[in-house]
**Q** 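Have a look at this one before I ask anything.
Order of the sequence lines fixes the chain letters, A, B, ..., with proteins taken first and strands second; residue numbering starts at 1 for each chain. For the numbers below, each heavy atom of this structure counts, side chains included, while hydrogens, waters and symmetry mates do not.
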There are 2 protein chains.
Amino acid sequence: MLYEICKYCHLKSAAAETLDSDELKKLERSCFQTQFAKGDLIFKQDALSANVIFIREGLVKIHIKGPEREQIIKINKGPTFLGIPTTFGDIINHYSATAITTVDVCFISNETFQQFIYSNGKFAYEILHDLCKCQLHTYNYCINHLQKQGPGRLADALLYLANEIFNDNNFLLPMTRHELGDLACCSRESVSRLLNEFKKDNIIQLEGKKITILNKELLSQISKRG
Amino acid sequence: MLYEICKYCHLKSAAAETLDSDELKKLERSCFQTQFAKGDLIFKQDALSANVIFIREGLVKIHIKGPEREQIIKINKGPTFLGIPTTFGDIINHYSATAITTVDVCFISNETFQQFIYSNGKFAYEILHDLCKCQLHTYNYCINHLQKQGPGRLADALLYLANEIFNDNNFLLPMTRHELGDLACCSRESVSRLLNEFKKDNIIQLEGKKITILNKELLSQISKRG
DNA sequence: TTTTAAATGTACCCTGCATCACATAATTAT
DNA sequence: ATAATTATGTGATGCAGGGTACATTTAAAA
């Protein structure tokens with residue numbers, strides 16, 4: 001690995017920005033960069049949790065196998081950490097992570113990560129802050145999915161993709177209708193029906209996996225009303 | 001406030017156990033102990049988030065007002081911290097906390113808490129560990145509620161109360177049927193119907209708010225099957 | 001290209017459970 | 001004690017949306 005590659009990496013997390021030169025050198029020595037192709041499993045639910053992973057670039061879905069079906073809990077977009085809760089919360093992974101685009105990641109040894117928590121308060125605070133925000137996001141996801149019905153949940157999912165993942169009202173859906181159902185918590189058939197209703201009502205433009213949100217105002221209303 | 005009251009407090013969190021004498025003195029100076037009665041609102045969703053709170057003793061429900069109804073996300077049982085995600089994740093509270101028994105708490109100033117994170121790696125790690133476990137618990141709650149139907153969700157709620165809150169198969173329900181519905185995510189009427197079905201099948205003994213789990217095995221099966 | 005497999009769209013049926021409506025019991029206030 | 005409020009039980013009704021079934025399109029493999 002190249003010398004001081006971490007130091008000059010432009011995809012550092014807010015936490016890694018707090019590290020000094022010595023710490024960055026240490027990071028380099030216990031960090032391994034690699035890539036995953038679309039569809040590759042990054043880590044698996046029920047397996048022993050291993051490393052902290054930093055997503056440099058790409059999209060990763062976090063999904064859990066429930067009693068009935070697969071559930072997509074969130075989509076992580078690089079640059080961000082991946083799997084901290086499952087790495088430090090238990091020995092066993094409580095969820096899986098799968099690449100939904102080509103993904104560029106760094107594996108970081110737990111020991112090094114933990115040492116930074118111990119020795120660098122700013123680093124710890126950044127990680128803690130991320131975890132808190134993630135927790136709030138999960139509560140929000142939870143409430144939205146539990147209390148809204150089909151149209152509201154799908155509207156949520158579309159707005160989530162447009163606003164937080166692609167930052168564009170026009171995007172190429174990086175998943176199948178089935179997976180969108182896993183995200184919006186409804187069946188593949190309902191996704192089809194609802195998407196076509198949204199299309200008929202000129203809320204979205206739909207062409208296979210190409211989606212354009214035409215009437216965000218109305219979509220937000222559908223999301224709010226449930 | 002009494003001198004060195006924190007130092008000799010027997011209800012310290014794992015995190016507070018890592019504090020040295022000086023830090024404990026500092027904690028004392030920025031810590032205020034008080035009580036809440038059953039039903040008292042401790043902090044409110046949409047209000048500015050204020051302090052870190054440590055529950056010394058008692059039960060607190062964490063609840064969110066969703067688009068349709070109130071949702072009880074979890075029950076916090078002292079000794080434990082309360083509201084760290086909402087205090088550090090955003091300026092505004094994303095959920096409310098209400099005492100469901102008499103509750104004895106310590107308010108801790110954010111600044112002091114944050115200083116401990118910065119200066120004491122072990123403290124930071126303990127908090128981080130708690131947050132991770134809390135996150136995993138939430139994912140679990142989420143999946144269970146999204147994919148199971150009525151009987152499974154109610155079975156979950158009863159097992160949760162027995163195993164994690166009261167550590168006893170026999171307990172006095174600290175809430176109304178309506179609130180149990182908010183926890184199990186079903187209507188008041190469904191809670192009534194389901195509880196009485198469980199009673200008829202000799203899975204539980206039911207007498208007003210007094211509940212005894214008679215057949216935990218079967219209840220677990222109902223929970224697993226959904 | 002041809003073959004196979006996976007993804008998608010639509011129609012229909014069926015069921016879980018929310019909601020309504022009302023009776024009764026238990027609390028709380030006066 | 002009496003009234004008023006809130007909590008609880010139970011039947012009847014309606015409907016959202018999951019599941020099934022099948023047609024069709026698209027993508028992957030041979």
**Q** CG of A/L206 versus P of C/dT10: gap in Å, rounded?
**A** 10 Å
**Q** Please tell me if the side chains of A/F54 and A/I108 come closer than 4.5 Å, counting only heavy atoms from C-beta onward.
**A** yes
**Q** Shortest non-hydrogen contact from B/E164 to B/K77?
**A** O-CD, 4.1 Å
**Q** What integer distance in Å separates A/L195:CG from C/dT10:C1'?
**A** 14 Å
**Q** Whole Å only: how far is the CG atom of B/L146 from the P atom of C/dG16?
**A** 19 Å
**Q** Give me, pair by pair, the N or O atoms of the protein and of nucleotides 18-21 of chain D that are less than 3.5 Å apart, along with how far apart they are.
**A**
from: D/dG18; atom 1: OP2; to: A/S187; atom 2: N; distance (Å): 3.2
from: D/dG18; atom 1: OP2; to: A/S187; atom 2: OG; distance (Å): 3.0
from: D/dG18; atom 1: OP2; to: A/S190; atom 2: OG; distance (Å): 2.7
from: D/dT20; atom 1: O4; to: A/E189; atom 2: OE2; distance (Å): 3.2

**Q** Out of curiosity, B/R188 CZ to B/L180 CG, how far, rounded to the nearest 0.5 Å?
**A** 12.5 Å
**Q** What is the distance, to the nearest angstrom, from the NZ atom on B/K199 to the C1' atom on D/dG9?
**A** 11 Å
**Q** Going by side-chain hydrogen bond (donor to acceptor under 3.5 Å, both in side chains), name the residues that satisfy it together with A/T102, two or more places apart in sequence or in a different chain.
**A** none
**Q** Quick one: which of C/dG9, C/dA7, C/dG16 gets closest to the side chain of B/Q149?
**A** C/dG16
**Q** What is the distance from NZ of B/K148 to P of C/dG16, rounded to the nearest Å?
**A** 17 Å
**Q** For B/L154 and C/dA18, give me the distance from atom CG to atom P, rounded to whole Å.
**A** 11 Å
**Q** Are B/F113 and B/F88 an aromatic pair, judged by ring center distance below 6.0 Å?
**A** yes
**Q** Looking only at side-chain N and O atoms, does A/K209 come under 4.0 Å of OP1 or OP2 in C/dA7?
**A** no
**Q** From B/I204 CD1 over to B/I213 CD1, what is the distance, rounded to the nearest 0.5 angstrom?
**A** 8.0 Å
**Q** What is the separation between atom NZ on A/K210 and atom C1' on C/dT8, rounded to the nearest whole Å?
**A** 19 Å
**Q** Compare all side-chain heavy atoms of A/K216 with those of A/L159 and state whether any distance is below 4.5 angstrom.
**A** yes
**Q** Is the shortest side-chain heavy-atom distance between B/K61 and B/P174 below 4.5 Å?
**A** no
**Q** In whole angstroms, how far is the C1' atom of D/dA27 from the CZ atom of A/R177?
**A** 14 Å
**Q** Using five pairs at each end of the helix from C/dT1-D/dA30 to C/dT30-D/dA1 to define an axis, what is the angle between those two axes, to 10°?
**A** 60°
**Q** Ignoring the backbone of A/N196, work out which of C/dG9, C/dC17, C/dT8 is nearest its side chain.
**A** C/dG9
**Q** Is the closest side-chain heavy-atom distance between B/L214 and B/Q205 below 4.5 Å?
**A** yes
